[in-house]
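What follows is one structure encoded as structure tokens, with my remarks underneath.
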Amino acid sequence: MPDLLLELFCEEIPARMQAKAASDLKKLITDGLVDAGLTYEGAKAHVTPRRLTLDLRGLTTRSADVREERKGPRTDAPEKAVAGFLRGAGLDDVTQAEVRTDPKKGDFYVAVIEKPGRAAEDVIAELVPQVVRNFPWPKSQRWGNGTLRWVRPLRSILCTFGPETEEPEVVPFEVDGIVSGNTTYGHRFHAPDAISVKRFDDYADALGKAHVVLDAERRRDMIEAGAKELAFAQGLELVEDPGLLAEVAGLVEWPVPLMGTFDKAFLDLPDEAIRLTIKDNQKCFVLKGADGALSNRFILVANLDATDGGTEIVRGNEKVVNARLADARFFWETDLTTVVNDGIESWLPKLNDVTFHAKLGSQGERVQRIEALAREFSTITGGHSSRTERAARLAKADLNSAMVYEFPELQGLMGRLYAEVGGEDPSVAAASQQHYQPSGPSDAVPDDPIAVAVALADRLDLLTAFWAIEEKPTGSKDPFALRRAALGVIRLVLQNDLRLRLLPAINLLILARCMKEPKAAFASNIELPNVANRSPKLAFELDEWRNRQTRALFQKNFTTGGIAKKATADLLSFFHDRLTVWLKDQGARDDVVKAVLGTEGANDDLLMVARRVEALTAFLNDAEGENLTQGFKRAGNILAAERKKGTDVAAEIAPNLFDSEEERALFAAVETASRDVPALTEQEDFNGALKALAALRGPVDAFFEAVHVNADDEAVRGNRLAVLAALQATAAPIADFSKLQG
């Protein structure tokens, strides 16, 4: 079967766009071919800085003929209905439709639509220009007098199609004056002349001879192997950076690793500052010695075999690296002078002049809220309250440092270093860096009580802030990383076994946002139990209102229909969605998580939700638990069906209406479970509560075996339905069993 080779050759594509562009090209072309009725055996996309290539194998030469019958209205239908049918079927006149007869419905129209198949070349010639003109680049440009938009000027299009056993042909088409052909170009300097190719194999071979490595993964391997070889020769080790490796592989078509050096005096800078300076400004790799300390050597990657062996390239990179490191040293020394002479707190007033968000005030206002909430969270995490408060106050101070201004990626790390220089408590200093963790699903979770309290306060303030102004994530966009923030809260809570009721904490933050003095919302309105004596049910309570102004604000913002109340409920639902994803990744069943979240009460206590999911999962993995679940579901189905029919369910159970031992036994078991399950759940003994439920299995099985629920006597039927309703209610403290599948 024929193969398709497509190359879009242009000026340098930004490295960050290359992988997605290759994926988009493959998807757009293959989807278009399939939609046109063609099939293929396999496709692979390649990308270099100057080309997007698609190698598609085993494409059918022609799409199949299609015959479709579209049923229309009756022949005596209104004229408008017939006219609409004709338009939809693409017919000009009713005589073009067939008339068929149905014994029950009479005569009706049928449109027979026949579409002949199309040659693959015709489909490709129509599809590729459409894809090129509508390609989803994040940014694009126009050039010259043309109207085409592309990431960088598009220079040529190669498109050949044909079987392996024959000479492939060029698929003819034109895009904005660029005519398709069978030529490509090699390396910009080593092989700038046009190269004629036929199919993918000789195309890849020709590019290789023209100093172009087409496969991005091979370029990465060449860079990594060459860098490690150069480092090993000097007794050094490459500091691996997968992100930088992928980026550099997208900057070169013919990678040539070289080694440079910088002044040893710069090794006094923090390691991260050296790495970022060399990485961000020159896209180079740093090296370390056997002791793990950074070396004053670095690896750069050239895009050609220089006639002088790369001497001039290395010299130019060394000049720039040394200059950039000199800048970094200036920023570092300037910051140290400020910290030593004025203290790290001297940066804090400037946060009031830094806008956090146009609708959300300054960073200084945000720090006040984080500081107040972190102090309250210290009771939950077990951290020293005043040190936690100070850690929160200083956590964002480094945002005004010269180093972080130049290298935003260093925020947190520089805060820790400056706090250490300033003589802060080690936990306070560490919190400046650790409160940003976890920054992703694989990032470490801090366990220091102070860092955890500040991290929770930071994320919850971020989430409530954007929910308050209705700037929530959409299906495709999350510019403020709010999903990541919610996942961070979940991991901080679960992995540190923290008891945190989300709703009161969210309410507090929204309330604090309403007040001129954020701390007043905390200081005057809540009392937290001591760590040693805290109640399992209590983390934050808003029952005590000693301030009239605060009470009025609360009533205004949290009454029915209030924006704050709506935001709070919606944000809790968002947490539930993130928690469901997290628990499923840990192996929990989706229906089990939904069943637990479906219960009334403390479903904002994430740790207890997770523990109930764990207990219920173990319960359902046992045959006895699975069978009991079926009994609950059967009871629920019967109740739902009868309520739908309007059948009365007795308000109270009347034991005198029982006429069998099975009814009496189930009623007695339900009464026992109704006492034991809530009590055990209250004690957070979820396994015990489920064992208490398991005792119902025998009576439930016997009841359904011997008792006909829908008795003729209305009173008896209503009474039996009431027993089933009571049976359902026994599980409510643990989970909503109706949401369980199977």
Heavy-atom side-chain proximity of [X] to [Y] below 4.5 angstrom:
| X | Y | result |
| --- | --- | --- |
| V212 | Y185 | no |
| E471 | L482 | no |
| L487 | P438 | no |
| L33 | I124 | yes |
| S196 | T183 | yes |
| V239 | L294 | yes |
| P168 | L5 | no |
| W137 | I13 | yes |

Could you check whether [X] pairs with [Y] (Lys NZ or Arg NE/NH1/NH2 to Asp/Glu carboxylate O, under 4.0 Å)?
| X | Y | value |
| --- | --- | --- |
| R155 | E11 | yes |
| K71 | E69 | no |
| R315 | E318 | no |
| D590 | K584 | yes |
| K279 | E409 | no |
| D102 | R100 | no |
| D201 | R199 | no |
| K20 | D24 | yes |

Do you know which two heavy atoms are closest between [X] and [Y], and how far apart they sit?
| X | Y | result |
| --- | --- | --- |
| A485 | L462 | CB-CD2, 3.9 Å |
| V252 | P255 | CG2-CB, 3.7 Å |
| S295 | F262 | O-CZ, 3.4 Å |
| G117 | D65 | N-OD1, 2.6 Å |
| D478 | P473 | OD1-CG, 3.6 Å |
| A216 | A249 | O-CB, 4.3 Å |

Check: [Y] main-chain N/O paired with [X] side-chain donor or acceptor under 3.5 Å:
| X | Y | value |
| --- | --- | --- |
| D55 | F200 | no |
| E166 | G162 | no |
| R491 | G440 | yes |
| R219 | V213 | yes |
| T311 | D308 | yes |
| R149 | R133 | no |
| D107 | T75 | no |
| S180 | F173 | yes |
| R70 | G88 | yes |
| D202 | K198 | yes |

How about [atom1] on [X], more than 12 heavy atoms from neighbouring residues, nucleotides or ligands closer than 6.0 Å, or not?
| X | atom1 | value |
| --- | --- | --- |
| N145 | CG | no |
| R324 | CZ | no |
| K472 | NZ | yes |
| E68 | CD | yes |
| E174 | CD | yes |

Please test R57 against Y40 for side-chain contact (heavy atoms from CB on, under 4.5 Å), starting from the C-alpha separation and ending with a verdict. CA-CA 6 Å; R57 306 291 178 95; Y40 65 96; over 6 Å; no
Residue pair L214, T48: steps toward the side-chain contact (heavy atoms from CB on, under 4.5 Å) verdict: CA-CA 6 Å; L214 182 64; T48 79; 3.9 Å; yes
Interatomic distance, [X] atom [atom1] to [Y] atom [atom2] [nearest 0.5 angstrom]:
| X | Y | atom1 | atom2 | result |
| --- | --- | --- | --- | --- |
| I299 | L244 | CD1 | CG | 11.5 Å |
| K283 | N317 | NZ | CG | 12.5 Å |
| L399 | F356 | CG | CZ | 11.0 Å |
| Y109 | T95 | OH | OG1 | 9.5 Å |
| C10 | I157 | SG | CD1 | 10.5 Å |
| L56 | E41 | CG | CD | 9.5 Å |

Are H46 and Y203 an aromatic pair by the rule of ring centers under 6.0 Å? no
Reference residue F161; test side chain to side chain contact (heavy atoms under 4.5 Å, CB included); the match among L59, V170, L6: L59
Test E253 against every option in E12, R51, H211, H190 by the side chain to side chain contact (heavy atoms under 4.5 Å, CB included) rule and name the one that passes.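 Among the candidates, only R51 passes.
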Determine the interplanar angle of the F480 and H357 rings, folded into 0 to 90°, and report it as parallel if under 30°, tilted if 30 to 60°, perpendicular if over 60°. perpendicular
Give the intermediate values and the outcome of side-chain contact (heavy atoms from CB on, under 4.5 Å) for residues Q141 and R152. CA-CA 6 Å; Q141 65 179 65; R152 296 290 185 270; 3.9 Å; yes
D591 and K594: CA distance, side-chain angles, deciding distance, side-chain contact (heavy atoms from CB on, under 4.5 Å) verdict: CA-CA 5 Å; D591 61 321; K594 289 179 179 177; 5.6 Å; no
